[in-house]
> 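Please see the structure below; I have some questions.
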Amino acid sequence: MHIAVARPRLPLAQQRHHFTITMSTPVRTRFAPSPTGHLHIGSARTALFNWLHARHHGGTFVLRVEDTDAARNTEASRDAILSGLEWLGMNWDEGPNVGGEYGPYFQSERNEIYDRYLAQLEAAGRCYKDESGATRFRMPDEPVTINDLICGSQTINLKEQSATRWDAKLKKDVPANPDLVIRRADGSYIFHFVNVVDDIDMKITHVIRGEDHLSNTPKHAALFEALGAPLPVFAHIPLNLNADGSKMSKRDQGASITDYIEQGFLSSAVCNYIALLGWSPKDDEEIFSPEELVKRFDLSGINRSNSRFDFKKCLWLNGEHLRRLDADELLKKATPFLQDKNIALDDDRLPAALQLIRQRAETLEQIPPGIAPIFEDQIEIDPDALAKISGRENIIDVLQGLHDSFSATAAGWNEDSIKAEIVATAEKLELKMGALMLPCRIATTGKAGGPDLMPLLVLIGQQRVLDRLTTLITKLNSSS
RNA sequence: GACCCGUUCGUCUAACGGUUAGGACACCUGGUUUUCAUCCAGGCAAUAGGGGUUCGAUUCCCCUACGGGUCGCCA
């Protein structure tokens, strides 16, 4: 497969250097997380764009763990990131657990490779050891130009730019050594160097990453040049912000992918939503399965401005995905949430219950509470719901009427017979049917809202419906 | 502070010089469902400001404002 360059932002002459290198090369993208926390939703989006681009072009998606900072890396974090990616369905072709011909895929295990590239730099006279023992890459005298697929072209003189450094405490620029540290005195390597070396060594063709790396890119380009390697295509994607426009940090609500797992989101919906943050299919469609995303994704559809996270839209999208699941998939996805609430998976009533609740649930987490009245022997009456009906003058008559009618039903216990009994009771009491529905619902489910009432009553069962009506009647009588 | 990127309804976005500036979420109003939800119909709501260029700018250029990013021996 070949690379599609669908949105030229630059005159062709400027693009040429950029694209001839990879025009006929199979696409290889990578996601390179640092295991210092959970899988952040923004990182997940970066991973998604890399994954989608690779899959769209039939290329290779590489997972590389950038664990060069021994002080901050944790095993728990690495596991969380890997399992988060797995949950999202972003399978990697090369990387941890699956291997590949360009391994190892943990930077902590690649020192020999870095030594080799460093030797190359040394041989070319492009780096030196400073007085502290750290190795520095000589910043080029000439300006460096990069062409970003999304952000366009920019030229910068690194030597001049790096000759001073902003001191946040002093609030002013202070003189600095413009040459980039690439290896610490203790022999460990710095991000910029290993990142570039690995991208070269792993033959990465497209570097798709957050815009926070845009300003680093000229340095990387200089390293590519010094190492005699062609530049990959750079595509810096805009960042996600909180709903209020502030920077999304680790502790913000919805920042971690585990939040979505725990709250009963579907991975397909999360992928769909985050894909839409900064990428557009350019038409009015917006509900996509992962397969459809792969088919439609193109880097040319990525826009350049940051976006804010809209949790409500994400919820809506999740509901849409939920309704598109077939019965087996729904049961499978809901299983952990059902087990958590002790709802037996082999209960005869479960399939029908799931079909009932799926029309209204937006998350898997909302499923058990909605169908609990079917499976639990005891229900709790929501006080707020009860308050809506307890003040009605005729409430006891209504409940008693329903009870009498339901207990006398001769036509069996099904939706039609239940409806007929409610209608009959309403006529007897000279009320509209609607006036009986809410009391009936609250008495039998404890809640003011929920799935379609008739089928719900069928599943709860005649005897328990009668018992619950009696219980509420007793309760109301004793409190009045 | 310097440098870089950005700025269309509240939010996500479409419109790559000519549109009554389109769609979606959210919100509001009706309707259907004799319940809840779905669903259907309708409504509210945007080109940051100022200069150019042009017969004509959301679209191209400049300035300002605002937002974000980078300026580490973190990644």
Side-chain angles (χ1 to χ4, degrees), chain A residues 7-9 32-37 66-69 71-73 107 130 132-136 148 150-152 154 156-157 160-162 164-168 170-173 176 180-186 188-192 194-195 209-219 236 238-239 241 243 245-247 273 276-287 301 303-317 319 323 356-362 370 419 422-423 426 431-441 445 447-454 456:
Chain A
R7 179 168 57 171
R9 289 186 175 282
S34 170
T36 57
E66 304 214 329
D67 55 352
T68 54
D69 186 353
R72 291 171 53 205
N73 298 322
Q107 288 186 332
D130 70 12
S132 73
T135 304
R136 287 181 183 262
D148 189 274
I150 296 162
C151 303
Q154 51 183 285
I156 180 177
N157 188 320
E160 285 174 12
Q161 188 74 25
S162 307
T164 59
R165 199 189 79 235
W166 174 248
D167 188 311
L170 298 176
K171 294 209 176 212
K172 64 172 194 174
D173 278 332
L180 184 70
V181 173
I182 55 177
R183 194 170 79 144
R184 302 180 184 92
D186 69 4
S188 62
Y189 288 93
I190 299 294
F191 161 74
H192 299 291
V194 295
N195 186 268
R209 76 224 307 195
E211 201 189 50
D212 49 341
H213 285 294
L214 184 58
S215 298
N216 290 148
T217 304
K219 294 174 194 167
H236 286 91
L239 271 19
L241 308 174
S246 63
K247 188 181 173 183
Y273 182 69
L276 255 20
L277 251 26
W279 172 77
S280 169
K282 303 288 185 187
D283 61 22
D284 289 343
E285 280 186 68
E286 54 183 358
I287 299 170
N303 65 33
R304 303 203 248 177
S305 50
N306 293 345
S307 54
R308 302 179 182 205
F309 202 87
D310 184 350
F311 196 71
K312 281 190 175 174
K313 183 151 186 176
C314 190
L315 266 178
W316 167 77
L317 208 43
R323 273 169 227 125
L356 262 186
I357 189 66
R358 76 181 312 169
Q359 299 304 322
R360 53 182 304 104
E362 281 190 314
K419 184 174 174 182
I422 294 177
V423 169
L431 291 168
K432 286 189 171 179
M433 182 182 175
L436 309 198
M437 296 299 272
L438 187 63
C440 183
R441 178 183 289 283
T445 70
K447 302 186 184 76
D452 200 14
L453 190 56
M454 315 298 177
L456 191 59

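Side chains included, hydrogens not; waters and symmetry mates left out as well; all remaining heavy atoms used. The sequence lines fix the lettering, A, B, ..., with proteins before strands; numbering per chain opens at 1.
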> Sticking with atom C1', work out how far B:rA2 lies from B:rG10, rounded to a whole angstrom.
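B:rA2 and B:rG10 have their C1' atoms separated by 34 Å.
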> What's the closest nucleotide to the A:Ser34 side chain, out of B:rG68, B:rG6, B:rA75?
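Looking only at side-chain atoms, A:Ser34 lies closest to B:rA75.
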> Below 3.5 Å between N/O atoms, which protein atoms pair up with nucleotides 20-25 of chain B? Just atom names and distances, please.
residue, atom, partner, partner atom, Å
B:rA24, O4', A:Glu286, OE2, 3.1
B:rA24, O2', A:Glu286, OE2, 2.0
B:rA24, O2', A:Lys313, NZ, 3.3
B:rA24, N3, A:Lys313, NZ, 3.1
B:rC25, O2', A:Lys313, N, 3.4

> With the side chain of A:Asp173 defined as its heavy atoms from C-beta on, choose the nearest nucleotide among B:rG1, B:rC5, B:rC73.
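Looking only at heavy atoms from C-beta outward on A:Asp173, the closest nucleotide is B:rG1.
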> Kindly point out which of B:rG1, B:rA75, B:rU70 is positioned nearest to the side chain of A:Gln107?
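Among the listed nucleotides, the one closest to the side chain of A:Gln107 is B:rA75.
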> As a test of reading the structure: which of B:rC5, B:rC73, B:rA75 is closest to the side chain of A:Ala134, going by heavy atoms?
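Closest nucleotide among those given: B:rC73.
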> May I ask which nucleotide in the shown strands pairs with B:rA37, Watson-Crick or G-U wobble, both distances under 3.5 Å?
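Paired with B:rA37, as far as the under-3.5 Å criterion goes, is no nucleotide at all.
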> Looking at the side chain of A:Gln161, which of B:rC12, B:rC74, B:rC3 is the nearest nucleotide?
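Per side-chain heavy atoms of A:Gln161, the pick is B:rC3.
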> Using the side-chain hydrogen bond (donor to acceptor under 3.5 Å, both in side chains) criterion, which residues pair with A:Asp212? Sequence neighbours excluded.
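Per chain and number, A:Asp212 pairs via side-chain hydrogen bond (donor to acceptor under 3.5 Å, both in side chains) with no residue.
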> Regarding A:Arg441 and A:Thr445, is there a side-chain donor-to-acceptor distance under 3.5 Å anywhere?
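A:Thr445 and A:Arg441 do not have a side-chain donor-acceptor pair below 3.5 Å.
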> Using the 3.5 Å cut-off, write out each protein N or O paired with an N or O of nucleotides 64-66 of chain B and the distance between them.
none

> Would A:Trp166 pass as stacked on B:rG1, i.e. its ring centre under 5.5 Å from the base's six-membered ring centre and planes under 30° apart?
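Stacking between A:Trp166 and B:rG1: present.
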> Please enumerate all residues that pass salt bridge (Lys or Arg N to Asp or Glu O under 4.0 Å) together with A:Glu66, with sequence neighbours excluded.
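Scan of A:Glu66 (salt bridge (Lys or Arg N to Asp or Glu O under 4.0 Å), adjacent residues dropped) gives A:Arg64.
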> With sequence neighbours left out, what residues match A:Pro35 under side chain to side chain contact (heavy atoms under 4.5 Å, CB included)?
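Partners of A:Pro35 under the side chain to side chain contact (heavy atoms under 4.5 Å, CB included) test: A:Val65, A:Asp67, A:Asn73, A:Ser77, A:Arg78.
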> With rounding to whole Å, what would you report as the distance between B:rA46 and B:rA21 at their C1' atoms?
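Each nucleotide's C1' atom is 9 Å from the other's.
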> Hey, does A:Leu453 reach any base, or is it just sugar-phosphate, or nothing, if we go heavy atoms under 4.0 Å?
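Counting heavy atoms under 4.0 Å across all strands, the contact made by A:Leu453 includes a base.
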> If we call it a pair only when both distances are under 3.5 Å in a Watson-Crick or G-U wobble match, what pairs with B:rG42?
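Answer to the pairing question: B:rC28, which forms a Watson-Crick or G-U pair with B:rG42.
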> Assign A:His236 to base, sugar-phosphate, or nothing according to its heavy-atom contacts below 4.0 angstrom with the strands shown.
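Here A:His236 touches no strand at all.
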> Mind checking the C1' distance from B:rU47 to B:rU58? Whole angstroms is fine.
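About 5 Å, rounded to a whole number of Å.
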> With sugar-phosphate meaning primed atoms plus P, OP1 and OP2, does A:Asp69 contact a base, only sugar-phosphate, or nothing at under 4.0 Å between heavy atoms?
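The residue A:Asp69 makes sugar-phosphate contact but no base contact.
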> Hey, could you give me the CE/CD1 distance between A:Met454 and A:Ile422, rounded to the nearest 0.5 Å?
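A:Met454 atom CE to A:Ile422 atom CD1 measures 4.0 Å (nearest 0.5 Å).
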> Of all residues at least two apart in sequence or in a different chain, which pass the side-chain hydrogen bond (donor to acceptor under 3.5 Å, both in side chains) check with A:Arg209?
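Per chain and number, A:Arg209 pairs via side-chain hydrogen bond (donor to acceptor under 3.5 Å, both in side chains) with A:Asn195, A:Thr217, A:His220, A:His236.
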> Would you indicate which nucleotide in B:rG1, B:rC12, B:rU70 comes nearest to any side-chain atom of A:Leu276?
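So the nucleotide nearest the side chain must be B:rC12.
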> Identify the heavy atoms of A:Lys219 and A:Leu180 that sit nearest to each other, and give their distance.
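Heavy-atom minimum between the residues: CD-CD1, 4.1 Å.
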> Base, sugar-phosphate or nothing for A:Gly210? Non-hydrogen atoms, less than 4.0 Å.
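No contact at all - A:Gly210 keeps every heavy atom at 4.0 Å or more from the nucleic acid.
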> With sequence neighbours left out, write down each residue that passes salt bridge (Lys or Arg N to Asp or Glu O under 4.0 Å) with A:Arg358, or none if nothing qualifies.
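Salt bridge (Lys or Arg N to Asp or Glu O under 4.0 Å) list for A:Arg358, sorted by chain: empty.
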> Between B:rU8 and B:rU70, how many Å separate the two C1' atoms, rounded to a whole number?
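Roughly 27 Å separates the two C1' atoms.
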> Stepwise, does the side-chain contact (heavy atoms from CB on, under 4.5 Å) test hold for A:Leu214 with A:Gln154?
CA-CA 10 Å; A:Leu214 184 58; A:Gln154 51 183 285; 3.7 Å; yes
> Mind calculating the distance between CG (A:Leu180) and C1' (B:rC71) to the nearest angstrom?
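Those two atoms, CG and C1', are 12 Å apart.
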> Quick one: list whatever passes side-chain hydrogen bond (donor to acceptor under 3.5 Å, both in side chains) with A:Tyr273, sequence neighbours left out.
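By the side-chain hydrogen bond (donor to acceptor under 3.5 Å, both in side chains) rule, A:Tyr273 matches no residue at all.
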> Without decimals, in angstroms, what is the distance between A:Asn306 CG and B:rG67 P?
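Nearest whole value for this atom pair: 13 Å.
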> Walk along nucleotides 29-34 of chain B from 5' to 3' and tag each nucleotide B, S or - by protein heavy-atom contact under 4.0 Å, base first, then sugar-phosphate.
-----B
> According to the Watson-Crick and G-U wobble definitions, with both distances under 3.5 Å, which nucleotide is paired to B:rU54?
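Matched B:rU54 with nothing under the 3.5 Å cut-off.
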> For the base of B:rC73, is there a side-chain donor-acceptor partner from A:Ser132 under 3.5 Å away?
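Flag set: donor-acceptor pair detected.
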> Which whole number of Å gives the distance between the C1' atom of B:rU38 and that of B:rU33?
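Result for the C1' pair: 9 Å, nearest Å.
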> Counting just side-chain N and O atoms, does A:Asn303 come under 4.0 Å of either OP1 or OP2 of B:rU13?
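Answer is yes, contact under 4.0 Å.
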> Whole angstrom is fine here: how far is it from CD in A:Glu66 over to P in B:rC74?
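Rounding to the nearest Å, CD of A:Glu66 and P of B:rC74 are 14 Å apart.
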> Identify the nucleotide, in any strand shown, that forms a Watson-Crick or G-U wobble pair with B:rC71, with both distances under 3.5 Å; if there is none, say none.
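Pair assignment: B:rC71 / B:rG1.
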> Both distances under 3.5 Å, Watson-Crick or G-U wobble: report the partner of B:rC9, or none.
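Across all strands, not a single nucleotide pairs with B:rC9.
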> Roughly how far apart, to the nearest Å, are B:rC27 and B:rA75 at atom C1'?
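Pairwise C1' distance, B:rC27 against B:rA75, rounds to 41 Å.
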> What is the distance from CD1 of A:Ile150 to C1' of B:rG69, rounded to the nearest Å?
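To the nearest whole Å, that distance equals 15 Å.
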> Does B:rA14 pair with anything, Watson-Crick or G-U wobble, both distances under 3.5 Å, and if so, with which nucleotide?
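The answer is none; no pair meets the criterion.
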> Say we look at B:rC62 and B:rC44: how far apart would their C1' atoms be, to the nearest angstrom?
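Comparing C1' positions in B:rC62 and B:rC44 gives a spacing of 36 Å.
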> Please write out the pairs of protein N or O atoms and N or O atoms of nucleotides 40-50 of chain B separated by less than 3.5 Å, giving the distance to one decimal.
none

> Would you name the heavy atoms of A:Thr68 and A:Tyr189 that are closest together and state the gap between them?
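Taking every non-hydrogen atom into account, CB-O, 3.9 Å.
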> Side-chain N or O of A:Arg304 versus OP1/OP2 of B:rG6: is the shortest distance under 4.0 Å?
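A:Arg304 to B:rG6 OP1/OP2: side-chain N or O found under 4.0 Å.
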> Taking atom P in both B:rC61 and B:rG68, compute the distance separating them and give it to the nearest angstrom.
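Their P atoms lie roughly 24 Å apart.
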> Of the options B:rC5, B:rG68, B:rA75, whose atoms approach the side-chain atoms of A:Leu241 most closely?
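Selected nucleotide: B:rG68.
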> Please pick, from B:rG6, B:rU11, B:rG1, the nucleotide with the shortest atom-to-atom distance to any side-chain atom of A:Arg308.
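It is B:rU11.
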> Which residues pass the side chain to side chain contact (heavy atoms under 4.5 Å, CB included) test with A:Ala448, not counting sequence neighbours?
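A:Ala448 satisfies side chain to side chain contact (heavy atoms under 4.5 Å, CB included) with A:Ala385, A:Lys388, A:Leu438 once adjacent residues are dropped.
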> So, OP1 or OP2 of B:rG68: does either fall under 4.0 Å of a side-chain N or O from A:Ser305?
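Negative; the distance criterion is not met.
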> For A:Asp69, give me all partners under salt bridge (Lys or Arg N to Asp or Glu O under 4.0 Å), at least two apart in sequence or on another chain.
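In terms of salt bridge (Lys or Arg N to Asp or Glu O under 4.0 Å), with neighbours along the sequence ignored, A:Asp69 is linked to A:Arg72.
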> Counting only Watson-Crick pairs (N1-N3 plus N6-O4 or O6-N4) and G-U wobbles (N1-O2, O6-N3), all under 3.5 Å, who is the partner of B:rA21?
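None - no nucleotide pairs with B:rA21, as no candidate has both distances under 3.5 Å.
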> Is there, by distance only and without an angle test, a donor paired with an acceptor across the side chain of A:Asn216 and the base of B:rA75 below 3.5 Å?
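Between B:rA75 and A:Asn216, which were checked side chain against base, a qualifying N/O pair under 3.5 Å is present.
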